[in-house]
Amino acid sequence: MITDAQKQALEAHLDPAVIVKPSGQFGPKGDYIEGWHAINEANRIFGFDGWTREMVDLRQLGEPYKADGKDTWRVNYSARVRIT
C-alpha cells in the first residue's frame, strides 16, 4: 500500500538538473533520467528493499559502432522494466 507521503513524492516534479537531454543522432530520442537516479529515488521513497525491479524485455538496437571516430565502441539497447 502506498502512503500519502509516498504518493506526494511520486507526484512531485523532477529537479530539472537531473533531466538529461539527448545528444547526437544515436541514443535516446527524448529527455530521460539516468538509471542510478531512478534507483536512488525509489530507495528514498520506498526504502531499501521496499521495491523490486524485473527485466521484462532487453533488445540490442543495431550493431556496435565506433563512437566519433575514436577507438571506443558503442552499442544501444532498449530495456523494458517492471517496477513493483
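This structure is a prediction, so every number in the text was calculated from the model and none was measured. All heavy atoms count here, side chains included; hydrogens, waters and symmetry mates do not.
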Check your understanding: Got a sec, which residues hit side-chain contact (heavy atoms from CB on, under 4.5 Å) with Lys66, two or more places apart in sequence or on another chain?
Key -> Asp71, Trp73
Check your understanding: With ILVMFWY side chains joined below 4.5 Å, transitively, what does Ile19's cluster contain besides itself?
Key -> Leu14, Val18, Ile33
**Study point:** Joint cluster assignment, Leu58 & Tyr32, ILVMFWY side-chain distance < 4.5 Å
**Key:** no
Could you list the donor-acceptor pairs under 3.5 angstrom formed by side chains in residues 77-84, with sequence neighbours left out?
| from | atom 1 | to | atom 2 | distance (Å) |
| --- | --- | --- | --- | --- |
| Tyr77 | OH | Gln60 | OE1 | 3.4 |
| Arg82 | NH1 | Glu54 | OE1 | 3.0 |

Exercise for review: List, by chain and number, the other hydrophobic cluster members for Trp36, where Ile, Leu, Val, Met, Phe, Trp and Tyr join if side-chain heavy atoms come within less than 4.5 Å, directly or indirectly.
Suggested key: none
Considering only distance and modelled atom types, tabulate donor-acceptor pairs under 3.5 Å from the side chains of residues 43-51, sequence neighbours left out.
| from | atom 1 | to | atom 2 | distance (Å) |
| --- | --- | --- | --- | --- |
| Asn43 | OD1 | Trp51 | NE1 | 2.8 |
| Arg44 | NE | Glu41 | OE2 | 3.1 |
| Arg44 | NH2 | Glu41 | OE1 | 2.7 |

Check your understanding: So which pairs with a foot in residues 4-13 pass side chain to side chain donor-acceptor pair (under 3.5 Å), sequence neighbours left out?
Key -> Thr3-Gln6
Review point. Looking at residues at least two apart in the chain, or sitting in another chain, which of them share a side chain to side chain donor-acceptor pair (under 3.5 Å) with Asp31?
Key: Lys21
Practice item. Go through Val20 and Glu34 one step at a time and tell me if the side chain to side chain contact (heavy atoms under 4.5 Å, CB included) criterion holds. Key: CA-CA 8 Å; Val20 181; Glu34 294 181 325; 4.0 Å; yes
